[in-house]
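Each remark here refers to the structure printed beneath this line.
Sequence lines set the chain letters: A, B, ... in the order given, protein chains first and strands last, and positions in each chain run from 1.
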Amino acid sequence: MSTEKKHNTEEVRLMKGNEAIAHAAIRCGCDGYFGYPITPQSEIMETLMDLEPWNTTGMVVLQAESETASINMVYGAAGCGKKAMTSSSSPGVSLMQEGISYMVGAELPCVIVNVMRGGPGLGTIQPSQADYFQTVKGGGHGDYKLITLAPASVQEMADFMVKSFDLAFKYRTPVMILADGIIGQMMEKVVLPPFTPRWTEEEIREQTPWATLGKTPDRKPNVINSLRLEAADMEKLNLVLQSRYREIEQKEVLFEEFECADADYIIVAFGITARICQKTVELARQKGIKAGLIRPITLYPFPTAQIKEYADKVKGMISVEMSAGQMIEDVRLAVNGKVPVEFYGRMGGIVPSPEEVLEALENKLIG
Amino acid sequence: MKEEIIIAGFGGQGVLSMGKILAYSGLMQGQEVSWLPSYGPEQRGGTANATVILSDERISSPVLNSFDTAIVLNQPSLERFECKVKPGGTLIFDGNGFHKFPTRTDINVYRIDATEYAYANNASKTMNMIILGGLLKVRPIVKVENVLKGLKKSLPERHHHLLDMNEKAIHIGMDLIRKIN
């Protein structure tokens, strides 16, 4: 889709989304991966272990004893200004929520990859998008937001790995790559990002003046902490975070449109569901139905203004998700009652087909 | 050109690998490709399947509900996917262990007894390549030379001495397949 890049010197490869994440992590100068295996994303750590980056770039790859340990290892590494990441699937990411909230509280950057599977509970191993609320509305406690990128192709798995670290360090925040079992498991063509060396100790000092690297005589000690016993201090941090979120909402929205210019009906979908719905749009157009597709690429910040703009131009919208209906709330907020916003979704690991989405569009919107 | 294919059978018959080899072959001839495996519990002992798309244009959905070509290697897969072949499409089956056979008359049905051949000739490791050969005879969507290039690319070097054996299997499959309707 939109972010397909051609690096002249890089060959086109065929690999799984999970493998692309692993390759891209090494290539973008990641310092450490800490994780615990869970289907459907275990190939991320498997590929990293297979590539043995500790022998090449010096990147650490460690299987922790649990997801709770993983995220706290990420916390520790991030506190030292390192590019640290973890990955898991839905139940494992639930276990990480405390750590994520603590990292926000300590203003620490990191990348978390969630290759979602069906829930609730230990659930199924098949694909799902039912962690939208958890990711976008704050799965842990406190007033925070996670920048969330939703890849829809293997190429984007690689590209977003690089982008996520940039955003994480730019805003000193954890960033989530929210994928699903299909993108993790399917193979597509991919051009991997070029190699960027890991930061040297000197570069870390320069890039992360807040990191705990050992005090030098010319500055006060850096403290990494998420506990602030004075309410006034805590509010001050919250104000800093909120102003950062406003900046993120201004600058970092990413979305993609497909056949929207003359559309009467718009499907809103993210991740693999957007790919499925792109085929639905093709099928609809063959039947003379003017359908279009908006794909939010960043789920937070959400493309509210862009969706709002289309609310004046179309007869209705339908949010299609592999969940009981979560993103639809943000679509409805954007549309603000101007046109009907319907929903179609499958749950628990069932993937909707392009044909059944078309049927839902016809039944619910056109009638 | 766009070919949407489902390959389905028991876990262990090589359906996922066959799909991968097809995808690599498409890559070798510069096409857009997608390979989507069933990775659910069915892979762990039951039926496994892979959806493969080869296309000259960008692929929208890697998830499909109807196919140009279905290759089915066991009874449950025939029952599940015969109805999903587009009218005018192609169905290829290996009749080993089948008690019910394809009934549709609006599609091209081919039989290839690769399992039987493979057991009789001690070639069970290349059974899926025999079937791939059969597919390429009736649907020449990729060139054999590109299949071999793809194999070379996807196989670790320590297995490259097996390339000849795989090439032979493709040609055996081309001779073995026959149209039955």
Step by step, work out the side chain to side chain contact (heavy atoms under 4.5 Å, CB included) result for A/K189 and B/V33.
CA-CA 7 Å; A/K189 279 158 72 165; B/V33 298; 4.1 Å; yes
Going by heavy atoms in the side chains, are A/R275 and B/I59 under 4.5 Å from each other?
yes
Check whether any side-chain heavy atom of A/K16 sits under 4.5 Å from a side-chain heavy atom of B/W35, and report yes or no.
yes
Close contacts, residues 163-181 of chain B versus chain A, judged by heavy atoms under 4.5 Å:
none
Could you tell me which residues in residues 61-70 of chain B have at least one non-hydrogen atom under 4.5 Å from a non-hydrogen atom of chain A, sorted by residue number?
B/S61, B/P62, B/V63, B/L64, B/N65, B/S66
Should we say atom [atom1] of [X] is surrounded by more than 12 heavy atoms from elsewhere, each under 6.0 Å from it?
X: B/K125; atom1: NZ; value: no
X: B/Y119; atom1: OH; value: no
X: A/Y36; atom1: OH; value: no
X: B/K153; atom1: NZ; value: no
X: A/N55; atom1: CG; value: yes

Can you tell which part of [X] gets under 4.5 Å to a heavy atom of chain B, answering side chain, backbone, both or neither?
X: A/E356; result: neither
X: A/Q185; result: both
X: A/P352; result: backbone

Nearest-0.5 Å distance that lies between atom CD in A/Q278 and atom CZ in B/R58:
8.5 Å
Salt-bridge criterion met for A/K279 and B/E4 (N-O under 4.0 Å):
yes
Please state whether the side chain, the backbone, both or neither of B/L27 comes within less than 4.5 Å of a heavy atom of chain A.
side chain
